[in-house]
Amino acid sequence: MSLLESIWMGIIQGVTEFLPVSSSGHLVIFQNVFHLDTEEGLLFFILLHIGTMVVTFVAFYSDIQKILVETVGMIRDIVGNIKIFFFNQKHDEAKRFKKIVHNNYRKFAILLFLTTISAACVAAATRDLALFSKTTLIITAICFFVTGILLLVAELGENGHKIPRDVRYGNGIAIGIVQGISVIPGLSSLGMVLAACLLSGFQRKFAIKYAFLSSIPVVIGALIWEIGHIEDTAMVNQMIGIYLIGTAMACVTGFLMIRRVLNFLKKKKLRVFSYYCFAMGALSIAAHFAMK
């Protein structure tokens, strides 16, 4: 892979990552059409996602800060409750335990944790399929169609009103399963999670926030996993400069996109993205047979 190709893939990632249209699907199309070999499995794809993850972190910094503060608070309260338990046992007292989940951000933190764990398990199980799907556009095409259908179904449903306090923990696990499956190119992680949230009755603004924030720990976990599974370290060391330039380009392009995309997602219908996914699915099939 050349420097120019890395830059182009970074731009594609930055433009498509914050749209529910599968950035990985677009990268696979680009890779197959131009016969690119990213040499080291999913590592370069994940580094591109790291670039756009930085953008997500900056855009939602206030929410992330509150989630981290409340997570520390929950850990502190759990430790405090353990001390109260042993104190009660020792002194035959009945001191009351602190309520652990007493606000929306604490509930949000637990939901994201459940989503992350279930997504990681599913993603690990489907890793080989994700690698194989990079070699054929047929799988990518099918996944584009699936994403389009889910977005259309989610848009046709009734508007939800659930905020964190109203969401069941099982919803967090189910959303994680959906997110884990979306490691397959063509299945948009943002689109799949957003559709799952809307179909679960989430308030639209909260659904958008959930879809973006849930991607952060998954991308970090995927990077750690891939680094641990690098087989050709010499090749990676040789290509890392080109990889990082593509990552930087994804970050810069993402910064130019995210505010516009967030405003669009909050106000507009998802069906336009659904139709786009159908078109990309058809294009993937055409490209597959044209390259035969």
Side-chain angles (χ1 to χ4, degrees), residues 1-53 123 126-152 179 181-195 215 219 222 226 239 242-243 245-254 256-257 261 270-292:
M1 180 173 60
S2 69
L3 175 61
L4 183 60
E5 290 164 344
S6 173
I7 291 173
W8 272 113
M9 292 181 77
I11 293 173
I12 292 171
Q13 170 68 17
V15 170
T16 58
E17 172 65 8
F18 304 121
L19 300 172
V21 296
S22 180
S23 59
S24 294
H26 285 75
L27 292 172
V28 166
I29 293 173
F30 185 85
Q31 180 184 350
N32 278 269
V33 169
F34 292 98
H35 306 290
L36 302 183
D37 181 10
T38 53
E39 291 94 16
E40 189 54 51
L42 296 173
L43 179 61
F44 180 54
F45 277 24
I46 293 172
L47 285 174
L48 292 178
H49 281 81
I50 288 291
T52 46
M53 183 204 73
T126 56
R127 180 177 182 272
D128 289 341
L129 178 58
L131 285 169
F132 174 73
S133 65
K134 292 173 59 182
T135 65
T136 173
L137 290 178
I138 291 295
I139 295 177
T140 301
I142 294 172
C143 291
F144 268 123
F145 286 125
V146 171
T147 299
I149 291 170
L150 282 177
L151 289 174
L152 195 58
Q179 188 175 49
I181 297 172
S182 67
V183 297
I184 304 172
L187 293 178
S188 168
S189 176
L190 176 63
M192 298 278 283
V193 173
L194 185 56
S215 69
V219 171
E226 286 302 318
M239 296 294 295
I242 291 177
Y243 284 1
I245 290 174
T247 301
M249 186 58 64
C251 183
V252 171
T253 310
L256 297 176
M257 288 290 298
V261 172
L270 294 177
R271 62 170 59 98
V272 62
F273 299 114
S274 177
Y275 300 148
Y276 179 84
C277 287
F278 294 148
M280 290 304 298
L283 177 63
S284 299
I285 293 174
H288 172 81
F289 287 106
M291 292 186 295
K292 287 292 186 179

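Summarising the geometry, atom OG1 belonging to T247 is positioned 11.0 Å from atom CD1 belonging to I46; distances are rounded to the nearest 0.5 Å. Annotation: the span from L19 atom CG to L270 atom CG amounts to 11.0 Å, rounded to 0.5 Å. Distance check: Q13 CD to F44 CZ gives 9.0 Å after rounding to the nearest 0.5 Å. Taken to the nearest 0.5 Å, the CD atom of Q31 stands 9.5 Å off from the OG1 atom of T135. We find the CG-CG distance between N32 and L27 to be 11.0 Å, quoted to the nearest 0.5 Å. Between the CE atom in M257 and the CZ atom in F18 there is a gap of 9.0 Å [rounded to 0.5 Å].
Under the ring-ring contact (aromatic ring centres under 6.0 Å, His included) criterion, Y275 pairs with no residue, sequence neighbours left out. A195 meets the side chain to side chain contact (heavy atoms under 4.5 Å, CB included) test with L150, A154; sequence neighbours excluded. With sequence neighbours excluded, the residues satisfying side chain to side chain contact (heavy atoms under 4.5 Å, CB included) with A141 are S284, I285. Residues meeting the ring-ring contact (aromatic ring centres under 6.0 Å, His included) test with F132, sequence neighbours left out: none. By the side chain to side chain contact (heavy atoms under 4.5 Å, CB included) test, I11 is found to be paired with I7, W8, V15, M249, T253, residues two or more places apart in sequence or in another chain being considered. Residues passing the side chain to side chain contact (heavy atoms under 4.5 Å, CB included) test with T16, sequence neighbours excluded: I12, V21, S23, H26.
Closest approach of P20 to G191, counting heavy atoms only: CB-CA, 3.5 Å. Contact record, L48 with G10: CD2-CA, 3.9 Å, taken as the closest heavy-atom pair. The minimum heavy-atom distance between P185 and S22, with the atom names listed, is C-OG, 4.0 Å. Contact detail for A250 and T52: the closest heavy-atom pair is O-CG2, 3.7 Å.
For the pair I149/F278, a side-chain contact is recorded, criterion being any heavy-atom separation below 4.5 Å from C-beta on. Residues F273 and L190 are not in side-chain contact: their nearest non-hydrogen atoms beyond the backbone lie 4.5 Å or more apart. Side-chain atoms of H49 and S24, non-hydrogen and from C-beta on, do get closer than 4.5 Å to each other. Side chains of V28 and I139 form no contact here, defined as non-hydrogen atoms less than 4.5 Å apart.
Checked by atom type and distance alone, the side chain of S2 pairs as donor or acceptor with a backbone atom of E5 at under 3.5 Å. A distance-only check finds no donor-acceptor pair linking the side chain of S182 to the backbone of M192 [under 3.5 Å].
Within the structure, no pair that satisfies the side chain to side chain donor-acceptor pair (under 3.5 Å) test touches residues 136-151, not counting sequence neighbours.
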Practice problem: Step by step, work out the side-chain contact (heavy atoms from CB on, under 4.5 Å) result for M9 and F34. | Solution: CA-CA 11 Å; M9 292 181 77; F34 292 98; over 6 Å; no
